[in-house]
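Quick notes on the structure that follows.
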Protein chains: 2
Amino acid sequence: MAIVRQSKKRDAMLALLRGTDRHPSAEQVYRALKPDYPGLSLATVYRNLAQLCEQGLALRVGTVNGQERYDGHTRPHSHFICNRCGRVADLPQLSPGEGCVERLGVQYGFTAQRCEFVIRGLCKDCEDF
Amino acid sequence: MAIVRQSKKRDAMLALLRGTDRHPSAEQVYRALKPDYPGLSLATVYRNLAQLCEQGLALRVGTVNGQERYDGHTRPHSHFICNRCGRVADLPQLSPGEGCVERLGVQYGFTAQRCEFVIRGLCKDCEDF
DNA sequence: ATCCTTAACAGGAATGATTCCTATTAAGCT
DNA sequence: AGCTTAATAGGAATCATTCCTGTTAAGGAT
């Protein structure tokens with residue numbers, strides 16, 4: 001992998017991701033930082049989000065309404081996604097049982113790198129249409 | 001919901017989805033059926049896939065390389081997705097424990113509609129670079 | 001069997017998220 | 001201070017998906 005240099009904008013992006021539980025999209029990250037970094041480019045946001053994910057400092061949660069959502073909290077946990085408003089909420093890690101994934105890997109011929117557990121439904125605010 | 005009329009093309013799409021375990025993308029469905037339905041339009045594929053999902057006859061598995069993948073098998077089961085070749089494979093249902101999702105729904109304020117468990121990693125063919 | 005309403009459709013344009021490209025700037029070693 | 005090249009802006013390009021318009025056909029009503 002190439003050398004990673006210091007970058008104030010990337011640092012700010014990571015700080016933003018770590019300081020929220022809202023799992024923002026690239027566009028939302030862009031809009032949040034634009035006031036403080038007027039020269040910020042959307043391409044830079046995408047490039048740095050991709051790099052943070054490669055470095056294991058951020059995670060892609062999944063796409064909501066066609067937009068990828070990002071998470072700066074990398075300790076194992078699961079997510080709830082509201083099918084109406086698109087809100088993404090953290091849940092405690094839901095594990096399918098000790099050693100289960102490894103067993104499946106052997107049985108089906110794969111090596112697991114990550115497990116994602118997502119519950120989709122309606123959040124309290126959206127339940128009553 | 002509006003009335004649903006009979007449609008040979010939509011029937012063919014559902015039959016295709018039910019007859020494979022490859023979880024094709026819209027583009028792949030289009031290419032598979034185009035020979036038998038020369039007048040088939042990509043827009044029709046997208047429209048009918050969306051409708052099948054609304055009717056609960058098909059499921060969106062998740063996006064791989066920017067393309068949504070579809071599954072015509074609606075009995076609860078989980079998926080493995082290869083991070084290199086994009087292959088999507090079926091796994092037995094991985095459940096986080098009896099009543100667990102309901103309990104979380106009460107605790108965190110949501111009503112679950114679907115649970116997705118996805119394992120990402122490398123399939124046997126892609127393991128050795 | 002024919003008429004009517006409107007779902008299904010083709011084909012092409014539009015949208016919109018993401019990536020690519022080119023020239024410029026700036027980390028951070030030497 | 002000089003050098004290499006990562007980081008960047010800004011805009012163009014890509015590409016999956018959706019939208020739009022006019023046409024066709026499913027299937028109930030006559």
Side-chain angles (χ1 to χ4, degrees), chain A residues 1-17 22-55 57-71 81 83 86 88, chain B residues 1-17 22-55 57-71 81 83 86 88:
Chain A
M1 339 303 184
I3 293 162
V4 174
R5 289 182 186 165
Q6 164 94 358
S7 154
K8 288 207 202 300
K9 287 165 185 171
R10 188 165 54 240
D11 292 346
M13 287 174 54
L14 185 54
L16 176 74
L17 287 178
R22 300 187 60 90
H23 310 82
S25 65
E27 179 75 28
Q28 288 168 332
V29 169
Y30 174 74
R31 281 211 282 263
L33 296 181
K34 188 71 174 172
D36 286 337
Y37 299 85
L40 184 64
S41 159
L42 192 51
T44 295
V45 172
Y46 275 105
R47 183 169 12 80
N48 281 330
L49 283 172
Q51 187 181 106
L52 289 172
C53 289
E54 273 172 36
Q55 292 175 251
L57 298 173
L59 296 172
R60 278 178 242 266
V61 174
T63 67
V64 179
N65 294 328
Q67 293 171 240
E68 186 68 45
R69 303 287 284 268
Y70 296 86
D71 191 335
I81 300 179
N83 279 329
V88 179
Chain B
M1 340 303 184
I3 293 162
V4 175
R5 290 183 185 166
Q6 165 92 1
S7 154
K8 288 205 204 294
K9 287 164 186 172
R10 187 165 53 242
D11 292 347
M13 288 174 52
L14 185 55
L16 175 73
L17 288 178
R22 300 186 60 90
H23 311 80
S25 65
E27 179 75 30
Q28 289 168 331
V29 169
Y30 174 73
R31 281 211 283 263
L33 296 181
K34 188 73 173 171
D36 286 337
Y37 299 86
L40 183 65
S41 159
L42 192 51
T44 295
V45 172
Y46 276 104
R47 184 167 11 82
N48 281 330
L49 283 173
Q51 188 181 105
L52 289 171
C53 289
E54 273 173 36
Q55 292 176 252
L57 298 172
L59 296 172
R60 280 178 240 266
V61 173
T63 68
V64 180
N65 294 328
Q67 293 171 240
E68 186 69 44
R69 303 286 285 268
Y70 296 87
D71 192 334
I81 300 178
N83 279 329
V88 179

* Asked: Considering only C:dA27, C:dA10, C:dA17, which nucleotide approaches the side chain of A:Q67 most closely?
  -> C:dA17

* Sidechain-backbone polar pair: B:T63 side chain, B:G66 backbone, donor-acceptor under 3.5 Å -> no

* Structure fact -> Min and max contacting nt of DNA chain D in 5' to 3' order, chain A heavy atoms within under 4.0 angstrom, are D:dT4 to D:dG11

* Would you check if B:V64 and B:H23 make a side-chain contact, meaning some heavy-atom pair closer than 4.5 Å? => no

* Asked: Are any of B:N48's side-chain N or O atoms less than 4.0 Å away from OP1 or OP2 of C:dC9?
  -> yes

* To do: Could you check whether A:E68 gets within reach of a base, just the sugar-phosphate, or nothing at all, counting any heavy atom under 4.0 Å?
  => sugar-phosphate

* Rounded to the Å, how far apart are A:E54 CD and C:dT19 P? -> 11 Å

* Asked: Is a side-chain N or O of B:E68 found less than 3.5 angstrom from the main chain of B:G62, in a donor-acceptor match?
  -> yes

* **Minimum side-chain heavy-atom gap B:V45-B:K9 below 4.5 Å** => no

* Structure fact -> Of the candidates C:dA10, C:dG28, C:dT18, the side chain of B:R47 sits closest to C:dA10

* Under 4.0 Å between any heavy atoms, over every strand shown, what does A:A50 touch: base, sugar-phosphate, or nothing? Just pick one. => nothing

* To do: Whole angstrom is fine here: how far is it from CD in A:Q6 over to C1' in C:dA26?
  => 12 Å

* Would you mind reading off the distance between B:M13 atom CE and C:dA8 atom P, rounded to a whole angstrom? => 12 Å

* Structure fact -> d(A:S7 OG, A:Q51 CD) to nearest 0.5 Å is 8.0 Å

* **Atom pair distance, as rounded to whole Å: CG in A:L42 and P in C:dC20** => 14 Å

* Asked: Whole-Å distance between C:dA7 C1' and B:D11 CG?
  -> 14 Å

* Asked: With sequence neighbours left out, what residues match A:R22 under side-chain hydrogen bond (donor to acceptor under 3.5 Å, both in side chains)?
  -> none

* Are the side chain of B:R10 and the backbone N or O of B:L52 linked by a donor-acceptor pair below 3.5 Å? -> no

* Name the residue closer to the 5' end of DNA chain D, choosing between B:G66 and B:A43 according to the nucleotide with the nearest heavy atom. => B:G66

* Structure fact -> In whole angstroms, the gap separating P of C:dT6 from CD1 of B:I3 amounts to 8 Å

* Is there side-chain contact between A:L57 and A:L17, with heavy atoms separated by less than 4.5 Å? -> no

* In degrees, rounded to 10°, what is the bend between the two ends of the helix from C:dA1-D:dT30 to C:dT30-D:dA1, using five pairs at each? -> 30°

* Asked: CG/A:L40 to CG/A:N48 distance, rounded to the nearest 0.5 angstrom?
  -> 8.5 Å

* Protein-nucleotide distance (A:Q28, atom CD; C:dA17, atom C1'), rounded to Å -> 13 Å

* Structure fact -> Ranking B:R5 and B:K9 by the position along DNA chain C of their nearest nucleotide, the one closer to 5' is B:R5

* Structure fact -> Rounded to the nearest 0.5 Å, the CD atom of A:E27 sits from the OH atom of A:Y46 at a distance of 6.5 Å

* Take atom OH of A:Y46 and atom P of C:dG16, then tell me their distance rounded to the nearest Å. => 13 Å

